[in-house]
Amino acid sequence: MKPLPYEVMQEGGVPIKSWTLGVPFEEEARAQLRNISQMPFIHKWVAAMPDVHLGKGATIGSVVPTLGAVIPAAVGVDIGCGMMAVRTSLSAPQLPDNLAGVRSAIERAVPHGRTGGFRGKRRRDKGAWENPPDDALAGWAPLAAQFELLKEKHPVLKNTNNINHLGTLGTGNHFIEMCLDEQGSVWLMLHSGSRGVGNRIGTYFIEKAKRDMELWHIHLPDSDLAYFPEGTEHFDDYVQAVEWAQEFACINREVMMARTIGAVKQALGTDFEARMEAVNCHHNYVSREHHYGRDVLVTRKGAVRARVDEMGIIPGSMGAKSFIVRGLGNEESFCSCSHGAGRVMSRTKAKKQVSLEEHRAATADVECRKDEGVIDETPSAYKPIEKVMAAQKDLVEIVYTLKQVVCVKG
DNA sequence: ATGTTC
């Protein structure tokens, strides 16, 4: 008999199938998944991807199919976070030896980094538009009417960043890269989500669900598993808001990609074709899908959908390879794959343990930040991506293997 | 991840 390509755990609830053979899988993440598996509305089982690790609220790298309920913390606050990549007609020999100019052109074209401005001192906010450019305004057009309705219904959204965050990168593990594939084609790839407004929507509904649980005296193994039952007003409100935030995130990536393409053309003084092969996929989101005969809501937090022939992106850390993949439509994973390498070290631990020299060596061939502020993103803070890819051979096949030459971080 | 902060 062929050995199973995944590990199975079951304690009281539904099974947990984990595509984690040969990769680290911490006990804290297992415990978090066991809690999810106890919920009475999980369809069939919970799936864990090879980049699985402990997350705030819900496990990163989890796929949770639910019947008649949704858990807002299982989606998280970075609603619609995901990846976009395009292959260009440029090839490696057309690039200059020094890519500093390309990096700074991208940095000028796309706001990135921490929101500035402290009480008393008004500093310019590096992470948002002061005046959104025309392409951001155009991207906002299809979002505007629905946002007015959301604001009316949920006044908490009134003072959030919204249009001024459309086409902006953010911080942390959000990035923009120029990569080369194994044939020498140049790719542009980026990672970002729904920024301030999606965060506010996520936080607001997670709190709302927790209050509902208290109101109805429903006790949970973990308060972050608070849910909205289908048929309630809050369920409908959440689904509507989360879908809007997912759309915002998708358009955010498109606007940034167009601006990045423009910046690279300008920096190189060359025109080229882009979007020859474009992929834009969420990895923190909820979607209505059909699995094993039922209409379900599938929540993927740190997981990518991988239906038959569906294209996805699995990025490695800032010094590692990334992969453009094609889904194999493996139903047992609810047609899913990992969203990256997955952390092995918390941000705090990485900052304490990894030296600047080590970080510089690990990113020697990349035009990127080499300062203390990015140590929490250093390659050794992540699982080895090759092992992560090996553990999901039955979920996706690799179409392109990319290696970054430029990396912009917020 | 974001926003706010002493």
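Naming convention: chains lettered A, B, ... in sequence-line order (proteins, then strands); numbering from 1 in each chain.
Surrounding NZ of A/K387 are at most 12 heavy atoms belonging to other residues, nucleotides or ligands under 6.0 Å away. Residue A/Q266 places its CD atom among 12 or fewer non-hydrogen atoms of other residues, nucleotides or ligands, all under 6.0 Å distant.
The CG-C1' distance, from A/L169 to B/dA1, rounds to 12 Å in whole Å. Taking atom CZ of residue A/R253 and atom P of nucleotide B/dA1, one finds them 14 Å apart after rounding to whole Å. Taking atom CG on A/D78 and atom C1' on B/dA1, their separation rounds to 5 Å, with Å as the unit. When rounded to the nearest whole Å, the span between NZ of A/K158 and C1' of B/dG3 equals 20 Å. In this structure, A/N159 atom CG and B/dT4 atom P are separated by 9 Å, rounded to whole Å. Note: NZ (A/K126) to P (B/dT2) measures 13 Å, nearest angstrom. Regarding A/N162, its CG atom lies at a distance of 14 Å from the C1' atom of B/dT2, rounded to whole Å. Here the P atom of nucleotide B/dA1 and the CZ atom of A/F205 are 22 Å apart, to the nearest Å.
Two residues, A/K56 and A/R200, neighbour DNA chain B, and the one matched to the more 5' nucleotide by heavy-atom proximity is A/K56.
Dashed line: the shortest gap from a side-chain N or O of A/N173 to OP1 or OP2 of B/dA1 is under 4.0 Å. Side-chain N/O atoms of A/N161 include one lying less than 4.0 angstrom from OP1 or OP2 on B/dG3. Side-chain nitrogen and oxygen atoms of A/H165 include none within less than 4.0 Å of the OP1 or OP2 phosphate oxygen of B/dT2.
A donor N or O paired with an acceptor N or O is found under 3.5 Å between the base of B/dG3 and the side-chain atoms of A/R114.
Centroid-to-centroid, the aromatic rings of A/Y227 and A/F41 come within less than 6.0 Å.
One finds no salt bridge joining A/E377 and A/R369 here, because no Lys/Arg side-chain nitrogen approaches an Asp/Glu carboxylate oxygen to under 4.0 Å.
A side chain to side chain contact (heavy atoms under 4.5 Å, CB included) with A/R300 is found for exactly one of A/S336, A/P65, A/C281, A/S62, namely A/S336.
In the set B/dA1, B/dG3, B/dT2, B/dA1 carries the atom at the smallest distance from any side-chain atom of A/V77. Of the candidate nucleotides B/dG3, B/dT2, B/dA1, B/dT2 has the atom lying nearest to any side-chain atom of A/T171.
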